[in-house]
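See below for the structure under consideration.
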Amino acid sequence: MRRKVSPEKDIAEALGQFPKLSKHFDSSTNTWLLAGDLDICDSQGEYWNTFNILILIPNTYPYCVPQVIEKSTLIPRDTNRHISEEGICCLDMDHKLLHMASRGIRLVDFIVEKVYPFFAKQLYYDENKEKKYAGEEYEHHFAGVRQFYAEDLNIADVHLAVKVIEMVLANSIPGRNDRCICESGQKFKWCHAEAFALLKTLPTDRLKKDLYSFKDLPPSS
């Protein structure tokens, strides 16, 4: 059962932790906006830099993924920097964000766990001689989707990915004590049960997009 959450209460909590942001309600789109400066510091509290940002909170809050736009143009508009020409920030793998949204986000947690680290990693990238990000980084486009399936879901085989997605779409989930469909010999609950559980939380259009992309790969992939 989905919980009812007051956006105003969560926004007030977020503004209390990030006081340089201010709120505005756009009645034409029924959307809350948070705009202002986000100061980035390291783990010791040393100031690094400030980004001017805009956070758009859909009216489906908390079951949504807020859109974050960098307005200060400190980040080069380059797909390798995970930002669009319009300044829209790619905070994480789409699947992870959608999974988070399916459970209902808490705005202050979203900023702390996704927004703040995104900008901290951008500053780390600028200072890093090898031009790398701190922590994990996904490849771009469908290569990143394949990486997510392989590394996060333990589904590296293309044919297995197709089979799993088709079963999730058909709501055909193995029993917990059945042998896993990957033919590992393990029980499903100890093998790919968590992968199925995560994929079940994703929108149908996201799953279908993955399915078609996997099916379009050449046989040798």
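Positions are given from 1 along the sequence. The basis for the numbers below is simple: all heavy atoms, side chains too, and nothing from hydrogens, waters or symmetry mates.
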Give a yes or no on whether [X] and [Y] share a hydrophobic cluster (residues Ile, Leu, Val, Met, Phe, Trp, Tyr; joining criterion: side-chain heavy atoms under 4.5 Å apart).
X    : Y    : result
F25  : F18  : yes
I105 : I88  : no
L98  : L56  : no
L33  : V115 : no
M167 : Y149 : yes

Below 4.5 Å, heavy atoms only, C-beta onward: do [X] and [Y] meet side chain to side chain?
X    : Y    : value
D26  : N30  : no
Q17  : V112 : yes
P174 : C180 : no
Q67  : V65  : no
R146 : E139 : no
F118 : I75  : yes

Salt bridge check, [Y] against [X]: does any charged N sit closer than 4.0 Å to a carboxylate O?
X    : Y    : value
E70  : R77  : yes
D178 : K189 : no
R206 : D210 : yes

Do Y61 and D10 meet the criterion of a side-chain donor-acceptor pair at a distance under 3.5 Å?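 There is such a pair between these side chains.
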
Ignoring hydrogens and angles, state whether a donor on the side chain of D39 or T50 is under 3.5 Å from an acceptor on the partner side chain.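 The criterion, which ignores hydrogens and geometry beyond distance, is satisfied for T50 and D39.
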
Nearest heavy-atom pair of P58 and C64: which atoms, and what distance?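 Minimum heavy-atom contact is CD-SG, 3.7 Å.
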
Shortest non-hydrogen contact between I111 and A14, atoms and distance: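 Closest heavy-atom pair between I111 and A14: CD1-CB, 4.1 Å.
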
To the nearest 0.5 Å, what is the distance between [atom1] ([X]) and [atom2] ([Y])?
X    : Y    : atom1 : atom2 : value
S72  : D37  : OG    : CG    : 8.0 Å
L211 : L169 : CG    : CG    : 6.5 Å
Y116 : L91  : OH    : CG    : 15.0 Å
L38  : N49  : CG    : CG    : 10.5 Å
L160 : K163 : CG    : NZ    : 7.5 Å
L34  : L15  : CG    : CG    : 5.5 Å

Donor-acceptor contact below 3.5 Å, side chain [X] vs main chain [Y]:
X    : Y    : result
H192 : N154 : yes
D42  : E46  : yes
T31  : T29  : yes

Apply side chain to side chain contact (heavy atoms under 4.5 Å, CB included) to D109 and K114, showing your working. CA-CA 8 Å; D109 291 339; K114 297 298 179 182; over 6 Å; no

Determine the interplanar angle of the F119 and F51 rings, folded into 0 to 90°, and report it as parallel if under 30°, tilted if 30 to 60°, perpendicular if over 60°.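 Rings of F119 and F51: tilted, 30 to 60°.
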
Could you check W48 against E127 for side chain to side chain contact (heavy atoms under 4.5 Å, CB included), going step by step and ending with a plain yes or no? CA-CA 11 Å; W48 279 3; E127 296 297 323; over 6 Å; no

How far apart are the C-alpha atoms of W32 and H24, what are their side-chain angles, what is the distance that settles it, and do they pass the side chain to side chain contact (heavy atoms under 4.5 Å, CB included) test? CA-CA 6 Å; W32 280 100; H24 171 70; over 6 Å; no

Determine whether Q122 and R81 satisfy the following criterion, side-chain hydrogen bond (donor to acceptor under 3.5 Å, both in side chains), listing intermediate values before the conclusion. CA-CA 7 Å; Q122 293 291 339; R81 299 298 296 269; 2.9 Å; yes

Assess the residue pair M93 and Q147 against the criterion (side chain to side chain contact (heavy atoms under 4.5 Å, CB included)); give the C-alpha distance rounded to whole Å, side-chain angles, the decisive distance to 0.1 Å, and a yes or no. CA-CA 10 Å; M93 172 60 61; Q147 181 183 353; over 6 Å; no

Under 6.0 Å from the CD atom of E166, do we count more than 12 heavy atoms belonging to anything else shown?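 For E166, atom CD is crowded (more than 12 foreign heavy atoms under 6.0 Å).
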
